[in-house]
Amino acid sequence: MMRPEREIKPKKPSDAAILGYNLLAFAAYTGLCLLVDGSSGGFVAFIISIAHFVICGIIGAVTSRWAWLLGGFLAVLIGFGTCVSNFTMDTR
């Protein structure tokens, strides 16, 4: 008698992995913005982080995972901090 083969379902990434991927993507595009635009790259990175938040919000709504929304929120929060620190450094 033959046993039916089990379906192998791919594992979903953990919440920590989702946050890590989001922060890695944020670090990559912030670094690229700072290399290309120089001192104004922090503002560009902040604008891109808002787009990152919107995309993460859509993915979070579709997949019903709060980690995506949290990852997008952290990108905006860190992007805001980067933007503020660049403006503070430029005024001195």
Side-chain angles (χ1 to χ4, degrees):
M1 202 171 186
M2 295 189 70
R3 288 190 221 169
E5 292 186 33
R6 288 190 240 168
E7 289 183 37
I8 300 174
K9 296 182 182 180
K11 289 178 110 180
K12 292 183 180 179
S14 69
D15 292 342
I18 291 171
L19 291 176
Y21 296 145
N22 279 300
L23 292 177
L24 182 65
F26 172 77
Y29 65 71
T30 300
L32 287 174
C33 287
L34 290 174
L35 283 175
V36 173
D37 284 341
S39 64
S40 65
F43 182 72
V44 175
F46 178 63
I47 298 300
I48 294 173
S49 68
I50 292 174
H52 186 132
F53 175 74
V54 170
I55 292 168
C56 285
I58 292 169
I59 293 172
V62 170
T63 61
S64 299
R65 303 232 7 220
W66 284 98
W68 283 103
L69 190 60
L70 180 61
F73 178 71
L74 286 175
V76 170
L77 187 66
I78 297 169
F80 180 73
T82 303
C83 183
V84 168
S85 71
N86 278 344
F87 285 137
T88 304
M89 286 184 215
D90 289 343
T91 60
R92 291 182 186 185

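What you see is a predicted model, and the numbers here were worked out from it, not measured in a lab.
Taken from CH2 in Trp68 to CG in Leu19, the straight-line distance is 9.5 Å, to the nearest 0.5 Å. Rounded to the nearest 0.5 Å, atoms OG (Ser14) and CZ (Arg65) are 7.5 Å apart. Going from atom CG of Leu69 over to atom CG of Leu74 covers 10.0 Å, rounded to the nearest 0.5 Å. Between Leu23 atom CG and Ile78 atom CD1 the span is 5.0 Å, to the nearest 0.5 Å. Of the inter-residue distances, the one linking Ile59 atom CD1 with Ile18 atom CD1 reads 9.5 Å to the nearest 0.5 angstrom.
By the rule that hydrophobic residues join a cluster once side-chain heavy atoms approach within less than 4.5 Å of another member, Trp66 and Val76 end up as members of one cluster. When the side chains of ILVMFWY residues are joined at heavy-atom separations under 4.5 Å, either directly or via intervening members, Ile50 and Phe53 end up in a single hydrophobic cluster.
Here the closest heavy-atom approach between residue Phe26 and residue His52 is recorded as N-CE1, 4.4 Å. What you find for Gly71 and Asn22 is that their closest heavy atoms are CA-ND2, 3.9 Å.
At most 12 heavy atoms of other shown residues, nucleotides or ligands fall within 6.0 angstrom of atom CZ in Phe73.
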